[in-house]
Amino acid sequence: MGSATILPLQVVIVGAGIAGLTAAVACAEKGFSVRLLESTAKFSHLGAGLMISANASRVLCGMGLREQLDKCGIHMKRVVFKKFDDGTVLDERVYGNIEAELGGPNWQIHRADLHDVLLQKAQDLGLIISMGAKVSKYDPENPSVVLEDGEFVQGDVILVADGYRSRAREEILGKYMEPRFSGNSAYRSIIHRSKFENDSELSELMKTENQTTYVWVGEGCHILGYPIRRGEYFNVVSTQPAIRTTGPNYVVPVTAAEFHDRYAHWDPLLEKILSKLPEQNVLEWKLCDLEPLNTWLFPGGKIVLIGDASHAMLPSAAQGAGMGIEDGAAIAELLARIENRSQIPAVLKAFQKLRLPRCTEVVDSGRQNAKKWHNKDAKGGTVTDDIWDYDVVAAARQITLEI
Ligand SMILES: Cc1cc2nc3c(=O)[nH]c(=O)nc-3n(C[C@H](O)[C@H](O)[C@H](O)COP(=O)(O)OP(=O)(O)OC[C@H]3O[C@@H](n4cnc5c(N)ncnc54)[C@H](O)[C@@H]3O)c2cc1C
C-alpha cells in the first residue's frame, strides 16, 4: 500500500540525543507535527569522536545535512591496524570509493558537532523542543506521558529515545534492567592540534585529506586514534578492563597520567600521542550493551523504544549512533505509509520486525570486534564493514505492513 496524502500525525519524542533528534527531523520532513521532550535543561556536549559510516551518513545526506556535516566531519579513507607493543602494521583497509559504492561517506566527527547540526535542522523545521521536560509516566493505551512537573502530553504515537539506561524500558519489561556490563571501560579524550605542532610524526596524524584511523590491538585492550573537527583535535579512545567504573559510576574523570601510564609500554607512537593528553576532560566510560529485548513495544502498540534505549551496543561496533539514525529514518518512512490512525500498531510492529534483527546483528559485531582485537596475537580487521552497505529507507519502504 502507499497513501498519496500523508496523515497529519502528532508525534511525541522522548529524549533529544542523536536518535531522538534524527527521528524528529525525519518525522517533521514527512509533514508530521513533532514535539520533543528533553529532560536536561541544557545540552552538555559530553562525548568525543564518533564514526558515522555510510549506512547512517546516507540518511543524514538525504536530510540535506551533507554540507553542514562536511564542515565539521572528516572523511575516513584508511584504517591501519597496529600491533600493540611495537606498532607493526598488521592490516590496512583503504576506503577510497566508499561514497560511490555505498551512497555516503564515512565521517569521523565529534558527537557534539553532529548533535548541533541535527538540532539546528530541527529548529529550522520549527519543531517544538521542550528542555527540562523529564518524562516520569507513560500511558500506553491513550498514548501520552506525564512530565515531572505534572504536564500531560499526548500524541498519536510516542517514540522513546531515552538512552541506554532507559527508564521507559522498565515499563515494557515490568522491572528496571541495567545494561549488560562488558567488564571493560573506555578512556576517552581529545587533544588539540597545537600539542602536535612541533613533531612531524604527530603532525602527520592530523592530515584531513586521505584521513587515516589507527587502531592498536592486542593484550586485552584496543585503542583508536583519528582527527576530528577538520583536524583541530585528535580523538583518542581506548578499551580495557574497567578500573573506576566497575560499580555504579558510568562516567568518571581520570587523570591524563592514568590513561598514559596504562599504555606506556605500547607502541612508541601511541605513547607519544598519550603524552600530549590534556589535564582536563579525560573520562572513563563504563562499557555496556543490551541483550536483545523480546519487544520494543509498549502494550497497545503506540509507544516504541528507539536508539540506545532498545539496542545499546559497545563502541567497538562504531554503530550506536548509526543505528539510532537508521531507527529515526525507518520509523518516519513507515508512519508515512498509513492511511488512518488505527494502523499505527501495525507500523510499530513492522518497525520492530525490520529493526530488531538488524540491530541484534550489529550489537553482536561490537562484541566480536572487541574479542578479535583483544587477543595478544590479534591480526586486526573488522567484522563491521558489511554493516555499512544498508539502505534503511529502501528497507522501510519494502517491508509489508500487516494491516
Ligand atoms: C566511547 C564511545 C564511543 C562511541 N563511538 C561510536 C561510534 O564511533 N559510532 C557510533 O555510531 N556510535 C558510537 N558510540 C555510541 C553513541 O554515542 C550512542 O549510541 C548514541 O549517542 C546514543 O544516542 P541515543 O540518542 O540513543 O541516546 P542518548 O544520546 O543517551 O540520548 C538520550 C537522551 O534522552 C534524554 N532523556 C533520558 N531520560 C529522559 C526522560 N525521562 N525524559 C526526557 N528525556 C530523557 C537524555 O537527557 C538524552 O538527551 C560510542 C559511544 C561511546 C561511549
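Residues: numbered from 1 along the sequence shown. Ligands are counted one by one from 1 in listed order, and the atoms in each one are counted from 1 as well.
- For ligand 1, the polar-atom distance check against Leu287 finds no nitrogen or oxygen pair separated by under 3.5 Å.
- Smallest separation of non-hydrogen atoms from Ala395 and Tyr390: CB-OH, 3.5 Å.
- When heavy-atom distances to ligand 1 are checked against a 4.0 Å cut-off, Arg188 comes that close only through its side chain, counted from C-beta outward.
- Residue Tyr164 has no nitrogen or oxygen atom sitting less than 3.5 Å from a nitrogen or oxygen atom of ligand 1, judged on distance alone.
- Near Ala19, with a cut-off below 4.0 Å to any heavy atom, the atoms of ligand 1 are 25 (O), 26 (O).
- No donor-acceptor pair under 3.5 Å is formed between the side chain of Glu333 and the backbone N or O of Val393.
- A cation-pi arrangement is found for Arg165 relative to Tyr250, the charged atom lying closer than 6.0 Å to the ring centre and inside a 45° cone about the ring normal.
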Quick one: side chains of residues 7-26, donor-acceptor pairs under 3.5 Å with protein atoms, not counting sequence neighbours, listed by atom name and distance.
| from | atom 1 | to | atom 2 | distance (Å) |
| --- | --- | --- | --- | --- |
| Gln10 | OE1 | Ser33 | OG | 2.9 |
| Thr22 | OG1 | Ile18 | O | 2.6 |

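- Considering backbone and side-chain atoms together, Lys134 places no N or O closer than 3.5 Å to any N or O of ligand 1.
- Annotation: atom 44 (N) of ligand 1 to nearest protein heavy atom, Ser39 N, 3.1 Å.
- Here's the thing with Ala318: one of its N/O atoms is less than 3.5 angstrom from an N/O atom of ligand 1.
- Polar contact with ligand 1: absent for Val237 (N/O pair, distance under 3.5 Å).
- Remark: among candidates Pro315, Gly322, Ala317, the nearest residue to atom 3 (C) of ligand 1 is Pro315, based on non-hydrogen atoms.
- Annotation: cation-pi geometry not satisfied between Lys276 and Phe196 (NZ/CZ under 6.0 angstrom from ring centroid, within 45° of ring axis).
- Distances from atom 30 (O) of ligand 1 to the heavy atoms of Ala321, Ala186, Gly163, Ala312 put Gly163 nearest.
- Using cut-offs of 30° and 60° on the angle between ring planes, the pair Phe81 and Trp373 is tilted.
- If you look at Leu37 next to ligand 1, the close heavy atoms, those under 4.0 Å, all belong to the backbone.
- In this structure, the side chain of Gln211 does not engage the main chain of Arg78 through any donor-acceptor pair within 3.5 Å.
- Close N/O approach between Gly307 and ligand 1 is not found [any backbone or side-chain N/O within under 3.5 Å].
- Salt-bridge annotation for Glu141 and Lys302: absent, with no side-chain N of the basic residue lying under 4.0 Å from a carboxylate O of the acidic one.
- Within the 4.0 Å heavy-atom criterion, the part of Arg111 lying near ligand 1 is the side chain and not the backbone.
- Of the protein's non-hydrogen atoms, Glu38 OE2, 2.6 Å is the one closest to atom 47 (O) of ligand 1.
- Polar contact with ligand 1: present for Ile18 (N/O pair, distance under 3.5 Å).
- Looking only at heavy atoms of the protein, atom 9 (N) of ligand 1 is closest to Met51 O, 2.9 Å.
- Partners of Arg58 according to the salt bridge (Lys or Arg N to Asp or Glu O under 4.0 Å) rule, which considers only residues two or more places apart in sequence or in another chain, are Asp391.
- Residue contacts with ligand 1, taken as heavy atom pairs separated by less than 4.0 Å, do not involve Ala309 at all.
- At a 3.5 angstrom cut-off on N or O pairs, Asp308 counts as close to ligand 1.
- Ring planes of His45 and His115: perpendicular class, angle over 60° (limits at 30 and 60°).
- The protein heavy-atom contact nearest to atom 41 (N) of ligand 1 is Val135 O, 3.2 Å.
- In terms of polar-atom proximity, Gly320 is counted as a contact of ligand 1, with an N or O under 3.5 Å from an N or O of the ligand.
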